[in-house]
K.L.:
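Below is the structure I would like to discuss, written out as structure tokens.
In the text below, chain A, chain B and the rest are named by the order of the sequence lines, each starting its count at 1.
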Amino acid sequence: MYTFEKEYNLMKQHLEELILAALNTLQAQGEFSLSSIPPLQIDTTKDKQHGDFATNIALVLAKPLQRKPREIAEKIVHALPVSPNVAKVEIAGPGFINFFSSMQALSDVVPAILAAQDKFGHCQLGQSKRVHIEFVSANPTGPLHVGHGRHAAYGDTVGNLLKAVGFSVHKEYYVNDAGRQMDILAASVWLRYLTLCGETIIFPTNAYRGGYVVDIAKVLHAQQDKRLHMAAAVVFKDLPRDEPEGGDKEEYINALIIRAQQLLGDGYKVVFDCGLHAIQQDIHDDLVELGVVFDTWFSERDFIKTDVVNNLIATWKQQGYVYEREGAYWFRSTDFGDEKDRVIERSNGQRTYFANDAAYHIDKFHRGFDKEVWIVGADHHGYVPRVRAALQAGGIDVNNFSAQLVQFVTLYRGKEQVQMSTRGGEFVTLRELRAEVGNDAARFFYVMRKCEQHMDFDLDLAKSQSNDNPIYYIQYAHARICSVFRQLAERGGQYDQTIGLAHLHLLTESYERQLLTRLGHYPQVIANAALQYEPHLLTHYLRDLATDFHAYYNSHQFLTDDIGLRYARLALITATRQILINGLKLIGVQAPDSM
RNA sequence: GCGCCUGUAGCUCAUUCGGAUAGAGCACCGGCCUUCUAAGCCGGGGGUAGCAGGUUCGAGUCCUGCCAGGCGCGCCA
């Protein structure tokens, strides 16, 4: 099977051997007098004029040898052993040594791709280590919006990439179903329900105002009829003022929650669960439709029912990581590089969200994961140091923890920015976005940029389905290749891959060389994208690959009369099609046969 | 005030542990469909990489100081 180490590094490895041989020869001849040979750096080149690979060794040796780089380079090139994989060696610029692969070496990638098929580009860098990847984890207080979509597409693609390079990947959604926000949702649902029961309600400023709350209330009303009905006069009796009346909206909603709990008793849980389940189901379905499937949905409420958090706090108290001050318990996160210590247990006895979260992150490792990737909104960046501190206090090697901060998505309709607020009720949902632009375009757009880069998402542009959309360009390349084979069939031809592979030496055009070179880079792109958590490298690569193909398509006829050349070219574009499919699949995008 | 992120062509963004003449797309200008899908190709114009120093063979990339924008600094989640 084709692997990253075996094939891609083979050429680099081969060049390394050649250069080392040259250096040793020069040392033995007394030309060079190096006490040690520095590690060799061999890069794939950006510019094809610079060949396929380049090394800066002559530049690095300039100082220890006290000689000019170009002079050193010439010595090295003269001492290089001859190789059938190397067509040409040149010295360029300040002293770079450029290597031009032979067409033989380049065209080897075609049989490699055709043999490995959907496994091409995969490797075992991850050594089957277990990676926990947490993303989205939006509070179940409303439908996902376009910002969450970016998290979903990014996290899912990073997971796919990590799997491709040999990690055992576990995708998890942390359900924040234990906080005050959930109580606000419950109160919001109940008030809408009461309206359906015929009560006249002035809706609180701080309640969730989205239409989905009314939908949930309708379900509740259908299930419970009037069983949870209370008169508005009773519900609102002696409550503090809401904001419009000059009061505090937070105090007001809190009082309303307590009132709801008192009046409803056991019924409160019915309302609460109705809201939670409806929204969690909606989020789940939304993600599945986008192609994002989590291995686990980890409930905070279930988690805090276990002893894990209690045990952690008890342990930390014992170990001296926690001290008491002003009636609360503080975690010494400053001992681990945080700005200030953090409360984990409030003076009223309640644990903070952070206490649960610290225990959750440590628990991931106790569950057997070797590595944690935590994908979280950039607005949480201040939160990362204390999580890191918690992991260290928990005895976890933080080198196995990576927090990826995803910047906001700013929505535009043409030139106009769309304001978004979860409670304002006027926000664009992920579902609406998918309906407008399609899942493929949504996923592709979302991962096109580095996660720490702000994203301006123009709905009008994404909706336009014009050729501005890079996804069409790549998909079109795939469809065109499929079309070539349909043409072949219409003309009564029968593709014979064996003949094609036997005639790869006929691929001598510059466009063919370019395409072969690009195909050869794929494994490295996958490895880089995975290890750096940067799927945008893959989208850019696919764009470039499609460009190489379209240029080739426009310059040369594939279905030539020369059978050997014809099938060699078809073998090449079959390999190209395979890489398009492989890359798009990692991003979660379809590769249509026709458009 | 302190901390993190960002600043590259008119716009949106790339630039592979610091490498060669900073690249794409969109937009703009000019060409290419009797030949495998023109959702395509070919060519052209367009840059003080926010500003100023520093480190070295070499800096968009690393360090320092400013400037501008975003975000964060709770016994909220």
Side-chain angles (χ1 to χ4, degrees), chain A residues 41 43-47 49-50 54 56 58-63 68-69 92-96 98 139 141 176 178-182 250 300 325-330 339-340 342-354 356-357 377-385 405 407-408 410 448-450 452-458 461 465-477 479-488 490-491 521 524-525 527-529 532 534 536-537 539-541 543-544 546-547 549-560 569-570 573 594-595:
Chain A
Q41 185 182 327
D43 295 315
T44 52
T45 56
K46 273 187 236 176
D47 187 339
Q49 289 182 350
H50 299 142
N56 62 354
L59 297 165
V60 175
L61 291 179
K63 197 166 196 182
K68 289 178 182 167
F96 289 100
N98 295 332
N139 289 350
T141 53
N176 292 115
R180 191 177 76 104
Q181 300 303 324
M182 293 305 299
E250 302 286 349
E300 183 184 9
R325 191 178 82 201
E326 295 164 9
Y329 286 95
W330 299 70
E339 283 182 346
K340 56 176 92 166
R342 308 292 175 178
V343 171
I344 57 169
E345 199 173 298
R346 287 178 252 178
S347 49
N348 65 8
Q350 281 189 327
R351 290 174 311 212
T352 58
Y353 171 84
F354 170 62
N356 297 338
D357 217 26
D379 54 329
H380 285 64
H381 73 261
Y383 196 74
V384 174
L405 301 171
Q407 283 288 358
F408 287 157
T410 310
M448 254 170 49
R449 292 178 198 157
K450 276 199 265 210
E452 70 261 34
Q453 195 76 284
H454 290 267
M455 179 180 287
D456 290 335
F457 203 123
D458 186 336
L461 183 70
Q465 304 235 347
S466 69
N467 49 3
D468 299 348
N469 196 335
I471 186 63
Y472 292 131
Y473 183 82
I474 297 166
Q475 289 180 322
Y476 182 47
R480 262 185 159 176
I481 294 171
C482 295
S483 173
V484 171
F485 282 92
R486 282 193 296 270
Q487 274 295 320
L488 177 68
E490 273 178 35
R491 298 178 192 184
H521 288 171
Q524 181 75 71
V525 171
N528 286 344
Q532 297 170 61
E534 293 185 340
H536 77 278
L537 296 175
T539 63
H540 285 276
Y541 172 84
R543 166 94 211 177
D544 291 340
T547 299
F549 169 75
H550 286 307
Y552 182 34
Y553 180 95
N554 274 276
S555 302
H556 298 287
Q557 196 73 18
F558 304 150
L559 301 177
T560 61
R569 286 181 170 171
L570 292 186
I573 67 170
S594 64
M595 293 174 70

K.L.:
Any sub-3.5 Å donor-acceptor pair from A/R351's side-chain atoms to A/G349's backbone N or O?
P.N.:
no
K.L.:
When all nucleic acid strands are considered with a 4.0 Å heavy-atom cut-off, which category describes A/A477: base, sugar-phosphate, or nothing?
P.N.:
nothing
K.L.:
Taking side chain as C-beta onward, heavy atoms only, is A/R180 less than 4.5 Å from A/M182?
P.N.:
no
K.L.:
Using the C1' atom in both, what is the distance from B/G18 to B/A59, to the nearest Å?
P.N.:
7 Å
K.L.:
Between A/Y353 and A/Y383, how do the two ring planes meet: parallel, tilted or perpendicular, split at 30° and 60°?
P.N.:
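Because their plane-to-plane angle lies in the 30° to 60° range, the rings of A/Y353 and A/Y383 count as tilted.
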K.L.:
Sticking with atom C1', work out how far B/G31 lies from B/C67, rounded to a whole angstrom.
P.N.:
45 Å
K.L.:
Nearest to the A/R491 side chain among B/C36, B/G19, B/U16, which nucleotide is it?
P.N.:
B/C36
K.L.:
Between C1' on B/A38 and CZ on A/F549, what's the gap in Å once rounded to a whole number?
P.N.:
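To the nearest whole Å, that distance equals 14 Å.
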K.L.:
So do A/H521 and A/Y541 actually touch side chain to side chain, heavy atoms under 4.5 Å?
P.N.:
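With C-beta onward as the side chain, the pair touches.
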K.L.:
Classify the nucleic acid contact of A/A54 as base, sugar-phosphate or nothing, counting any heavy atom under 4.0 Å across all strands shown.
P.N.:
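The answer is base, as A/A54 lies within the cut-off (heavy atoms under 4.0 Å) of a base atom.
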K.L.:
Please give the distance between the P atoms of B/A68 and B/C26 as a whole number of Å.
P.N.:
36 Å
K.L.:
Can you give me the closest heavy-atom contact between A/P94 and A/P69, atom names plus distance?
P.N.:
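Heavy atoms of A/P94 and A/P69 come nearest at O-CB, 3.3 Å.
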K.L.:
Is the NZ or CZ atom of A/R480 positioned over A/F549's six-membered ring, under 6.0 angstrom from the centre and within 45° of the axis?
P.N.:
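The answer is no; the distance or angle limit is not met.
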K.L.:
Look at all strands and tell whether A/A328 reaches a base, only sugar-phosphate, or nothing, counting heavy atoms closer than 4.0 Å.
P.N.:
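The residue A/A328 makes base contact.
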K.L.:
With centres under 5.5 Å and planes under 30° as the test, does A/H536 stack with B/A14?
P.N.:
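Per 5.5 Å and 30° rule: no stacking.
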K.L.:
With C1' as the reference atom in both, quote the distance from B/C17 to B/U21 in angstrom, rounded to an integer.
P.N.:
24 Å
K.L.:
If I pick the C1' atom on B/A9 and the same atom on B/U15, what distance separates them, to the nearest angstrom?
P.N.:
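14 Å, rounded to whole Å.
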K.L.:
Considering all heavy atoms of both residues, which atom of A/Y473 and which atom of A/H550 are nearest to each other, and what is their separation?
P.N.:
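Nearest pair, atom of A/Y473 first, then A/H550: O-NE2, 3.2 Å.
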K.L.:
For the pair made of CG in A/N348 and C1' in B/C76, what is the distance, rounded to whole Å?
P.N.:
12 Å
K.L.:
Looking only at the side chain of A/D456 (C-beta and beyond, no hydrogens), which of the listed nucleotides B/G25, B/U16, B/U12 gets closest?
P.N.:
B/U12
K.L.:
What's the closest nucleotide to the side chain of A/Y553 if the choices are B/C36, B/U12, B/A77?
P.N.:
B/C36
K.L.:
From C-beta outward on A/Y472, which listed nucleotide comes closest to its side chain: B/A39, B/G74, B/G40?
P.N.:
B/A39
K.L.:
For B/A39, does either OP1 or OP2 sit under 4.0 Å from a side-chain N or O belonging to A/R480?
P.N.:
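No.
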K.L.:
What distance, rounded to whole Å, do you find between the two P atoms, one in B/C75 and one in B/G69?
P.N.:
30 Å
K.L.:
Assess whether one donor atom and one acceptor atom, taken from the side chain of A/N98 and the base of B/A20, lie less than 3.5 Å apart.
P.N.:
yes
K.L.:
At 4.0 Å (heavy atoms only), tell me whether A/H550 reaches a base, stays on the sugar-phosphate, or touches nothing.
P.N.:
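Touches sugar-phosphate only.
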K.L.:
Compare the minimum distances between each of B/A77, B/A14, B/G74 and the side chain of A/K340, then state the nucleotide with the smallest one.
P.N.:
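Of the options given, the side chain of A/K340 lies nearest B/G74.
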K.L.:
Give A/Y329 one of three labels, base, sugar-phosphate or nothing, depending on what nucleic acid heavy atoms sit under 4.0 Å from its own.
P.N.:
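Nothing, no heavy atom under 4.0 Å.
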K.L.:
Please classify the nucleic acid contact of A/N176 as base, sugar-phosphate, or nothing, using heavy-atom distances under 4.0 Å.
P.N.:
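It contacts nothing in the nucleic acid.
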K.L.:
Please determine whether a side-chain nitrogen or oxygen atom of A/R180 lies at a distance below 4.0 Å from atom OP1 or OP2 of B/A77.
P.N.:
no
K.L.:
Rounded to whole angstrom, note down the P distance from B/G45 over to B/G30.
P.N.:
15 Å
K.L.:
What's A/R342 touching, base or sugar-phosphate or nothing? Going by heavy atoms closer than 4.0 Å.
P.N.:
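Nothing: the residue A/R342, judged by heavy atoms under 4.0 Å, touches no strand.
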K.L.:
What is the distance, rounded to the nearest whole Å, between atom CE of A/M448 and atom P of B/C26?
P.N.:
12 Å
K.L.:
Establish, with yes or no, whether the OP1 or OP2 oxygen of B/A77 is under 4.0 angstrom from a side-chain nitrogen or oxygen of A/R346.
P.N.:
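For A/R346, the contact criterion (side-chain N or O under 4.0 Å from OP1 or OP2 of B/A77) is met.
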K.L.:
What's the NE2-C1' distance between A/H50 and B/G19, to the nearest Å?
P.N.:
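Answer to the nearest Å: 10 Å.
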K.L.:
So, for A/Q557 and A/R569, which heavy atoms are closest and what is the spacing to 0.1 Å?
P.N.:
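In terms of heavy atoms, the two residues are closest at O-NH1, 2.8 Å.
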K.L.:
Below 3.5 Å, does any donor atom in the side chain of A/D379 face an acceptor in the base of B/G72, or the other way round?
P.N.:
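Flag unset: no donor-acceptor pair detected.
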K.L.:
Could you tell me the separation between the NE2 atom of A/H556 and the C1' atom of B/U35, rounded to a whole number of Å?
P.N.:
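After rounding, the reported distance stands at 15 Å.
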K.L.:
For A/F354, report the nucleic acid contact type (base, sugar-phosphate, nothing); a contact means any heavy atom under 4.0 Å.
P.N.:
nothing
K.L.:
According to a 3.5 Å limit on both distances, what stems of 3 or more consecutive Watson-Crick or G-U pairs are formed with RNA chain B?
P.N.:
B:1-7 with B:67-73, B:10-13 with B:23-26, B:28-32 with B:40-44, B:50-54 with B:62-66
K.L.:
What are the two closest non-hydrogen atoms of A/A92 and A/N98, and how far apart are they?
P.N.:
CB-ND2, 3.5 Å
K.L.:
Atom OH of A/Y552 to atom P of B/C36: distance rounded to whole Å?
P.N.:
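From A/Y552 OH to B/C36 P: 16 Å.
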K.L.:
Quick one: classify the glycosidic conformation of B/C33 as syn or anti, with syn meaning within 90° of 0.
P.N.:
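Judged by the O4'-C1' to base torsion, B/C33 sits in syn, the angle falling within 90° of 0.
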K.L.:
From the list B/C73, B/G19, B/U15, which nucleotide is the closest neighbour of the side chain of A/P94?
P.N.:
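Between B/C73, B/G19, B/U15, the one nearest the side chain of A/P94 would be B/G19.
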K.L.:
At under 4.0 Å between heavy atoms, what does A/S594 touch on the DNA or RNA strands: base, sugar-phosphate, or nothing?
P.N.:
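Contact class for A/S594: base.
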K.L.:
To check you understand the geometry: which heavy-atom pair defines the closest contact between A/F558 and A/L570, and what is its length?
P.N.:
CB-CD2, 4.3 Å
K.L.:
Measuring from atom CG of A/L405 to atom NE2 of A/H380, what distance do you get when rounded to the nearest 0.5 angstrom?
P.N.:
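It comes to 10.0 Å.
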K.L.:
Report yes if the side chains of A/H536 and A/T539 come closer than 4.5 Å at any heavy-atom pair, otherwise no.
P.N.:
yes
K.L.:
Indicate yes or no for a side-chain donor-acceptor contact from A/H381 to the backbone of A/A378 under 3.5 Å, with no hydrogens or angles considered.
P.N.:
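A pair under 3.5 Å: yes.
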K.L.:
State which of B/A77, B/C41, B/A20 makes the closest approach to the side chain of A/T45.
P.N.:
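So the nucleotide nearest the side chain must be B/A20.
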K.L.:
Quick one: on RNA chain B, does A/A551 or A/A479 contact a more 5' nucleotide (nearest heavy atom)?
P.N.:
A/A479
K.L.:
Classify the side chain of A/S347 versus the base of B/C75 as yes if they form a donor-acceptor pair under 3.5 Å and no if they do not.
P.N.:
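Between B/C75 and A/S347, which were checked side chain against base, a qualifying N/O pair under 3.5 Å is present.
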K.L.:
Between atom CG in A/D544 and atom P in B/U15, what is the gap in whole Å?
P.N.:
11 Å
K.L.:
Taking only the C1' atom of each, what is the distance from B/U8 to B/G46 in whole angstrom?
P.N.:
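To the nearest whole Å, 14 Å.
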K.L.:
Expressed as a whole number of angstroms, how long is the span from A/Q524:CD to B/U16:P?
P.N.:
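Interatomic distance, CD of A/Q524 to P of B/U16: 12 Å.
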K.L.:
Report, one pair per line, the protein and nucleotides 2-11 of chain B atoms (nitrogen or oxygen only) whose separation is under 3.5 Å.
P.N.:
from: B/G3; atom 1: N2; to: A/H381; atom 2: NE2; distance (Å): 2.3

K.L.:
Show the nearest heavy-atom pair for residues A/R543 and A/I474, with the distance to one decimal.
P.N.:
N-CD1, 3.7 Å
K.L.:
Examine B/C41: is either OP1 or OP2 under 4.0 Å from a nitrogen or oxygen in the side chain of A/Y473? Give yes or no.
P.N.:
yes
K.L.:
Nearest-nucleotide wise, let me know which of A/K46 and A/T547 is further upstream toward the 5' end of RNA chain B.
P.N.:
A/K46
K.L.:
How would you label the contact of A/A62 with the nucleic acid (heavy atoms, under 4.0 Å): base, sugar-phosphate, or nothing?
P.N.:
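Counting heavy atoms under 4.0 Å across all strands, no contact is made by A/A62.
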